[in-house]
Student: 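I am attaching a structure below and will ask some questions about it afterwards.
Computed from a predicted structure; not experimentally measured.
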Amino acid sequence: MRYKTVTDADRRVTAAIAVFSAEKGVSEYQLMIQLTENGLPLQEQLKSVFSFLEDIRKNDLHNAAIVFRRVFLSDAANQLESLLHHLPENRNNISIIEQPPLNGAKIALWAYLQTGAEVSEPCSSGLYGVRHGKYLHLWKGAVISPENDSGTQMNTLLNDYIAQLKEHNCTLAGNCIRTWIFVRDIDVNYAGIVKARRERFAENGLTGKTHYIASTGIGGRHADPKATVAFDAYAVKGLESEQIRYLHAKSHLNATCEYGVTFERGTCIRYGDRRHIFISGTASIDNKGKIVHEGDVGKQAVRMIENVKALLGEAGCETDDIAHIIVYLRDMADYTTVGDIVEKHFPDMPKLILLAPICRPGWLVEMECFAIGKDYNASFDPL
């Protein structure tokens, strides 16, 4: 992985970029774009971020196609309308969530770009398709179902997604690789989501004896005040079962089903020329399912990073293979402490630190990451 940082001419905004290039085939880019001048009005912040992304795409990234974006806002209810003026009509590959950037800006952006991608118009199913050879990558961004309680909303979102996958001859168990579940007032509403997910998963062949899906369940707010849950998902059509490996790091972490939740700690996808590693939201936890270093955010951050490194190691990767990191904090007062630790361990990687409560109050900090490792396996088609 190569890393570089680019700043705009006005020094208002900066992009940390991870670059993965294969000898032949697809190059991949992960960008985290943040404001460096945070006192600007919202419209100027939005213009700076999105125009900078387009400049980088054309001038630094070989006109690569935008595969997926997530926009992080500080106040979605008041900022969404302005944001939508800066976005194209095709928004299936865009996620918008209120998780305030802790550098003080109103907006931050994660963008995933690739060369050689056949990017479709929105599929009739409502998913967003990106094709590479035999593989069809299906993205879904920030959908909601503003009805009743959190469990009912989660039920509806999963049932709708299952139906959308079916239109592509895909299934939740066979094709979904990664989900993100954003929960308003997570301390109150998470239990309903856990129950609904467990029930829908069991009905669709996802159990402790089979496998689950890499996921992050985290505090976040949609602009619609009736929406308790927002949902992002990523699936791949064309994979063989041998290409998918689930990561456990049993020396450091327990199986999630041991404390009643249903997600994988991490998933590794092997292509003929690379590996994609999806590390779920990971906190300071031990292999008994207990919180480690209760009340000490600095020590929790160190243990969190140790757990992530163990999962990466199981996939044959190291921290230098990380393409992006997202860190979530319950308390903005911990920003400097955690920021210093994260910077020490991951000085060059694209990363964001956001205000987003974790699903158990005792966890003060959580991180997820995506990594790309080199691979050479003639048994599988390259990306």
Student: Would you call the rings of Y212 and F201 parallel, tilted or perpendicular if under 30° counts as parallel and over 60° as perpendicular?
Tutor: parallel
Student: Please assess F68 against Y128 for the test ring pair (Phe, Tyr, Trp, His ring centres under 6.0 Å), listing each intermediate value before the final yes or no.
Tutor: CA-CA 9 Å; F68 192 73; Y128 183 82; 8.5 Å; no
Student: Between CG of N38 and CD of Q45, what distance do you get to the nearest 0.5 Å?
Tutor: 6.0 Å
Student: Whether R330 and D187 form a salt bridge (side-chain N of Lys/Arg under 4.0 Å from carboxylate O of Asp/Glu) is what I want to check.
Tutor: yes
Student: Parallel under 30°, tilted from 30 to 60°, perpendicular over 60°: which one fits the rings of F370 and H276?
Tutor: perpendicular
Student: Which heavy atom in K134 sits nearest to a heavy atom in G238, and how many Å separate them?
Tutor: CE-O, 3.0 Å
Student: Can you find a side-chain donor-acceptor pair between D149 and T152 that sits under 3.5 Å?
Tutor: yes
Student: Hydrogens and angles aside, do T179 and R197 bring a side-chain donor and acceptor to less than 3.5 Å of each other?
Tutor: no
Student: Report yes if the side chains of Y271 and V236 come closer than 4.5 Å at any heavy-atom pair, otherwise no.
Tutor: yes
Student: With side chain to side chain donor-acceptor pair (under 3.5 Å) as the test, pick out the partner of Y112 among R70, H324, E28.
Tutor: E28
Student: Which atom names give the shortest non-hydrogen contact between M154 and A196, and what distance separates them?
Tutor: CB-CB, 3.8 Å
Student: Take atom NZ in K58; do more than 12 heavy atoms of anything else shown fall under 6.0 Å from it?
Tutor: no
Student: Between E98 and S74, do the side chains contain a donor N or O and an acceptor N or O under 3.5 Å apart?
Tutor: no
Student: Between I144 and V188, is there shared hydrophobic-cluster membership here, with clusters defined by ILVMFWY side-chain heavy atoms closer than 4.5 Å?
Tutor: no
Student: Any chance the side chains of Y135 and Q243 put a donor and an acceptor closer than 3.5 Å?
Tutor: yes
Student: For the pair W139 and W180, name the ring-plane relationship: parallel under 30°, tilted 30 to 60°, perpendicular over 60°.
Tutor: parallel
Student: Can you see whether Q79 engages D75 through a side-chain donor-acceptor pair at a distance of less than 3.5 angstrom?
Tutor: no
Student: Does a side-chain heavy-atom distance below 4.5 Å link T256 with E264?
Tutor: no
Student: Out of curiosity, C369 SG to I325 CD1, how far, rounded to the nearest 0.5 Å?
Tutor: 6.0 Å
Student: Hey, are the side chains of R360 and I285 touching, using non-hydrogen atoms and a 4.5 Å cut-off?
Tutor: yes
Student: Can you get from Y259 to L311 by hopping between Ile, Leu, Val, Met, Phe, Trp and Tyr side chains that sit under 4.5 Å apart?
Tutor: yes
Student: Parallel, tilted or perpendicular for H137 and Y234, by the 30°/60° rule?
Tutor: parallel
Student: Would you mind reporting whether I322 and M1 have side-chain heavy atoms less than 4.5 Å apart?
Tutor: no
Student: Scan side-chain atoms only and decide if T282 and E368 contain a donor-acceptor pair under the 3.5 Å cut-off.
Tutor: no
Student: Checking side-chain polar atoms at under 3.5 Å, does R275 have a donor or acceptor matched by the opposite partner on N377?
Tutor: no
Student: Is the closest side-chain donor-acceptor distance between N63 and R57 under 3.5 Å?
Tutor: yes
Student: Just by distance, with hydrogens left out, do E314 and H248 show a side-chain donor and acceptor under 3.5 Å apart?
Tutor: no
Student: Restricting to non-hydrogen atoms, name the atom on C170 and the atom on L138 that form the minimum distance, rounded to 0.1 Å.
Tutor: SG-CD1, 4.3 Å
Student: Take a 6.0 Å sphere around CD of E318 and say whether it holds more than 12 heavy atoms from other residues, nucleotides or ligands.
Tutor: no
